[in-house]
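What follows is a single structure, written as structure tokens, with notes after it.
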Amino acid sequence: MAEASDAAEAPFLVRGGAGHKSLASRSAQELALLYEIPIAERSFLSRGGAADGKGSGVCLLSLEASGSRVLAGGKDGKLRLYDFGGMDVTQRPFKVFVAEEGYIPVDAVHGPAGKFFVASGSSAPKVYDRDGVLQVDMMKGDMYLKDQSNTRGHTQAVTALRWHPQQRNETLTASLDGTVRLWDIEAGPTNMWDKLENVQMIKVKTAQGTPIMASALCVHRSGQTLCVGAHDGAVKLYDARAGFEKGARPKLSFSHVAGGGRHHLGDGYVVTAVEQIPGKDTKLVSRAQDHTVKFWDVRMARTPTKVLSDIFTPSEKCDLTFSPDGRVLLVGVAGAPTEEEISGVVDRSSRLLFFDVLGKDTRPLLRYADPELSLGMSVTHWNRELKQVFCGADDGRTQIHYHPVLSEKGTMLSSTKSRRQLRDSDLQFGGVGEIYVPGAQPRKKRQNPYRSEQEERKARIRPRIPQNGPFAVEEATKHKGTGMAHIFMQDKKEEVDIRMQDPREALLKYAGQKGDIVDHIYQNAAPEMRFAESTLEQLEEDYKKKQEEALDQNKQ
């Protein structure tokens with residue numbers, strides 16, 4: 001438990017009890033400065049619009065390498081982009097969008113040139129530019145094919161993704177279909193659906209050769225080794241240079257959970273995160289749903305080098321992160337308090353735990369205690385450039401922790417800007433979004449934005465009809481048109497326009513005159529004109545009458 005003096009001195013940061021004996025007399029703030037932990041002040045990123053304040057939990061966080069922009073994803077299915085250089089003290093997102101309707105985003109990671117890779121919750125991840133514009137859409141695989149190597153995309157939800165540390169145009173994804181796939185985002189779509197197909201793939205299997213779902217992914221900084229966490233509680237290492245072959249086996253496999261690696265499925269066996277310790281090529285850290293975090297040395301991976309217990313991990317996306325120098329491990333405690341917290345063994349308000357990576361002590365170095373936060377934090381990010389800690393809380397708020405001495409820019413830059421006046425484009429009516437009015441005509445755009453409205457009206461005036469010259473038109477024909485066909489027909493028209501007469505009347509006026517056109521035609525062929533004496537209707541009526549008379553005679 002925290003000391004009373006520490007709690008009074010730092011209401012949100014208390015000592016955990018770990019550290020060398022020489023550090024026992026130091027306060028929590030002094031330890032934070034010594035280990036360069038930026039926990040002194042905090043701010044919150046606004047959700048924007050009517051959804052501001054508490055709401056659905058934050059499920060992913062990703063920052064650019066420079067730390068200028070932040071991507072936060074919520075369980076409401078929306079992704080929010082923040083720009084510290086353009087925000088004011090309200091820290092509102094400049095763009096809110098949905099990667100794929102009906103899905104909750106799972107993971108995201110930033111790459112070169114500000115691009116970010118998003119696992120939208122479906123089987124098709126997407127690549128966006130730094131402004132949130134879709135650049136590449138991956139292909140969905142054929143779920144009816146038994147052999148996953150015969151399809152060019154994932155058939156189930158993508159759970160983790162990473163950008164290749166050495167190849168700027170390559171990305172890797174892990175999925176519940178039991179495969180890890182390599183993508184070349186600059187190759188472009190090669191099929192009729194304009195979707196990107198994967199280049200190579202690895203099948204993740206148990207020790208018995210049974211396919212197993214992949215839940216976590218990590219790429220060695222050299223790009224030569226892939227670390228995959230599976231649903232059976234095992235961590236598997238593949239050689240990236242020769243591992244993308246059909247039937248390739250991992251070069252190393254060890255179980256995080258006791259009794260794992262034998263196709264056990266369910267709570268307590270899923271590995272939620274696997275990360276490499278910065279600066280340590282042979283050291284790994286994994287977290288699983290058995291509520292433990294374990295340190296590994298791949299040179300002797302039979303047993304972990306250190307085990308951190310009582311790390312409540314209810315979700316499959318609870319992660320972990322390191323300080324820029326790799327000395328401190330940050331773990332967010334998610335979900336409801338554990339039995340140990342309720343019984344008073346552990347401070348139930350502690351939601352961020354800081355551990356000494358190099359030491360052997362398994363107790364936390366510092367605890368972040370927030371009495372107002374009752375649901376915990378599931379995702380964390382420690383930015384190298386800003387030296388600030390970003391935490392996604394389960395109540396929907398994104399916290400930013402910083403230190404006035406250690407941290408730079410980021411939220412310290414936007415928090416100093418006064419609130420700007422809202423424009424019409426900033427207003428959102430009940431979260432509805434854009435309003436469509438039926439029958440409304442779009443406003444006509446100006447042809448020249450530098451021309452005034454009066455000049456624009458003058459430019460739209462119809463030019464006058466020429467009075468002189470070869471194209472001059474007489475006054476009498478101005479109201480009739482100036483087309484070439486009309487001008488040509490002016491001299492051809494008679495006083496009586498035959499085009500306006502009835503052709504039947506024009507022919508009947510010649511009837512009975514000498515030299516009738518009709519008589520002249522049939523004079524030799526049919527001298528005697530034979531016309532029908534009655535119409536078809538009259539013939540039909542006469543036929544009916546004859547039938548009735550015949551029936552009456554038969555009755556008599």
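What you see below is based on every heavy atom in this structure, not just the backbone, and it leaves out hydrogens, waters and symmetry mates.
Under 4.0 Å is where a charged nitrogen must lie from a carboxylate oxygen, and between R302 and D297 no such pair does. One finds no salt bridge joining K78 and D76 here, because no Lys/Arg side-chain nitrogen approaches an Asp/Glu carboxylate oxygen to under 4.0 Å. Under the 4.0 Å criterion applied to side-chain N and carboxylate O atoms, E36 and K387 are not assigned as salt-bridge partners. For the pair K146 and D142, the salt-bridge criterion is not met [side-chain N within less than 4.0 Å of a carboxylate O]. Ion pair D88/R419 not flagged as a salt bridge, since none of the NZ, NE, NH1 or NH2 atoms sits closer than 4.0 Å to an Asp/Glu carboxylate oxygen. Electrostatic pairing of K140 and E100 counts as a salt bridge here, judged by a charged N lying under 4.0 Å from a carboxylate O. A salt bridge does not link K251 with D239: every distance from a Lys NZ or Arg NE/NH1/NH2 to an Asp or Glu carboxylate oxygen is 4.0 Å or more.
Annotation: the span from M138 atom CE to T173 atom OG1 amounts to 7.0 Å, rounded to 0.5 Å. Here CG of L45 is found 8.5 Å from CG of L61. Values are rounded to the nearest 0.5 Å. Remark: L330 CG to T321 OG1 distance equals 6.0 Å, nearest 0.5 Å. The CG atom of N383 lies 10.0 Å from the CD atom of E64; values are rounded to the nearest 0.5 Å. With rounding to the nearest 0.5 Å, the separation of OG in S68 from CG in D83 is 6.0 Å. In this structure, OG on S309 lies 8.5 Å from NZ on K294, to the nearest 0.5 angstrom.
A donor-acceptor contact closer than 3.5 angstrom is absent between the side chains of W296 and T305. Between the side chains of E316 and T272, no donor-acceptor pair is found at a separation under 3.5 Å. Checked by atom type, the side-chain pair Q166/S222 shows no donor-acceptor distance below 3.5 Å. Inspection of the E41 and Y402 side chains reveals an N or O donor paired with an N or O acceptor under 3.5 Å.
By the 4.5 Å heavy-atom criterion applied to side chains, C227 and H220 are not counted as neighbours. For the pair V307 and T362, the minimum side-chain heavy-atom distance is 4.5 Å or more. Between Y128 and V118 there is a side-chain heavy-atom pair separated by less than 4.5 Å. Within the 4.5 Å cutoff, side-chain heavy atoms of H256 are placed close to those of D290. Between V270 and Q289, the closest side-chain pair of non-hydrogen atoms falls below 4.5 Å. The closest side-chain heavy-atom distance from L252 to F254 is below 4.5 Å. Under the 4.5 Å side-chain criterion, counting only non-hydrogen atoms from C-beta, I185 is in contact with W163. The side-chain heavy atoms of R287 and T313, taken from C-beta on, include a pair separated by under 4.5 Å.
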How far apart are the C-alpha atoms of D281 and R299, what are their side-chain angles, what is the distance that settles it, and do they pass the salt bridge (Lys or Arg N to Asp or Glu O under 4.0 Å) test?
CA-CA 11 Å; D281 294 339; R299 296 170 296 183; over 6 Å; no
Side chain to side chain contact (heavy atoms under 4.5 Å, CB included) evaluation trace for L71 with L63:
CA-CA 6 Å; L71 174 66; L63 274 77; over 6 Å; no
Going through the distances and angles, do M87 and K417 end up as a side chain to side chain contact (heavy atoms under 4.5 Å, CB included)?
CA-CA 8 Å; M87 290 191 301; K417 298 180 181 179; over 6 Å; no
Quick one, L284 with I277, criterion side chain to side chain contact (heavy atoms under 4.5 Å, CB included). Give me CA distance, side-chain angles, the key distance, then yes/no.
CA-CA 6 Å; L284 297 175; I277 300 178; over 6 Å; no
Side chain to side chain contact (heavy atoms under 4.5 Å, CB included) assessment of F44 paired with R42:
CA-CA 7 Å; F44 295 92; R42 65 174 180 174; 3.8 Å; yes
Tell me, with the steps shown, if S43 and T411 meet side-chain hydrogen bond (donor to acceptor under 3.5 Å, both in side chains).
CA-CA 7 Å; S43 64; T411 187; 2.7 Å; yes
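A donor-acceptor pair under 3.5 Å links the side-chain atoms of R384 to the main chain of P324, judged by distance alone. A donor-acceptor pair under 3.5 Å is absent between the side-chain atoms of T179 and the main chain of R181, judged by distance alone. Panel note: side chain K236, backbone R249; no donor-acceptor pair is recorded below 3.5 Å. Remark: the backbone N or O of T159 is paired with a side-chain donor or acceptor of K317 at under 3.5 angstrom. Looking only at distances, a side-chain donor or acceptor of S323 sits under 3.5 Å from a matching main-chain atom of V328. Although no hydrogens or angles enter the test, the distance criterion places a donor-acceptor pair under 3.5 Å between the side chain of S175 and the main chain of Q156. A donor-acceptor contact shorter than 3.5 Å is absent between the side chain of T151 and the backbone of Q148. Using modelled atom types, one side-chain atom of S407 and one backbone atom of H403 make a donor-acceptor pair closer than 3.5 Å. Put simply, the side chain of E170 never gets that close to the backbone of L182: no donor and acceptor are under 3.5 Å apart. Although no hydrogens or angles enter the test, the distance criterion places a donor-acceptor pair under 3.5 Å between the side chain of Y82 and the main chain of S46.
Taking the ring axis of F97 as reference, the NZ or CZ atom of K95 stays within 45° of it and closer than 6.0 Å to the ring centre.
Here the closest heavy-atom approach between residue V158 and residue H154 is recorded as CG2-CD2, 3.7 Å. The two residues G410 and L386 have their closest heavy-atom pair at N-CD2, 3.7 Å. Closest approach of A99 and L79 over heavy atoms only: CB-CD1, 3.9 Å. Looking at every heavy atom in both residues, H401 comes nearest to C391 through CD2-SG, 3.9 Å. V127 approaches F117 most closely through the heavy-atom pair CG2-CD1, 3.5 Å. Here the closest non-hydrogen pair linking R221 and Q276 is N-OE1, 3.4 Å.
Checked against ring-ring contact (aromatic ring centres under 6.0 Å, His included), H110 has the following partners two or more places apart in sequence or in another chain: F116.
Annotation for K409: atom NZ does not count as buried by contact number, only 12 or fewer foreign heavy atoms lying within 6.0 Å. Within a 6.0 Å sphere centred on NZ of K280, other residues, nucleotides and ligands contribute 12 heavy atoms or fewer.
Here the rule is side chain to side chain contact (heavy atoms under 4.5 Å, CB included) with F390, and of V70, V379, T380 only V70 fits it.
Sorted by first and then second residue, the salt bridge (Lys or Arg N to Asp or Glu O under 4.0 Å) pairs with a member in residues 322-333 read D325-R327; sequence neighbours excluded. Screening residues 102-120 for salt bridge (Lys or Arg N to Asp or Glu O under 4.0 Å), with sequence neighbours left out, gives D107-R162.
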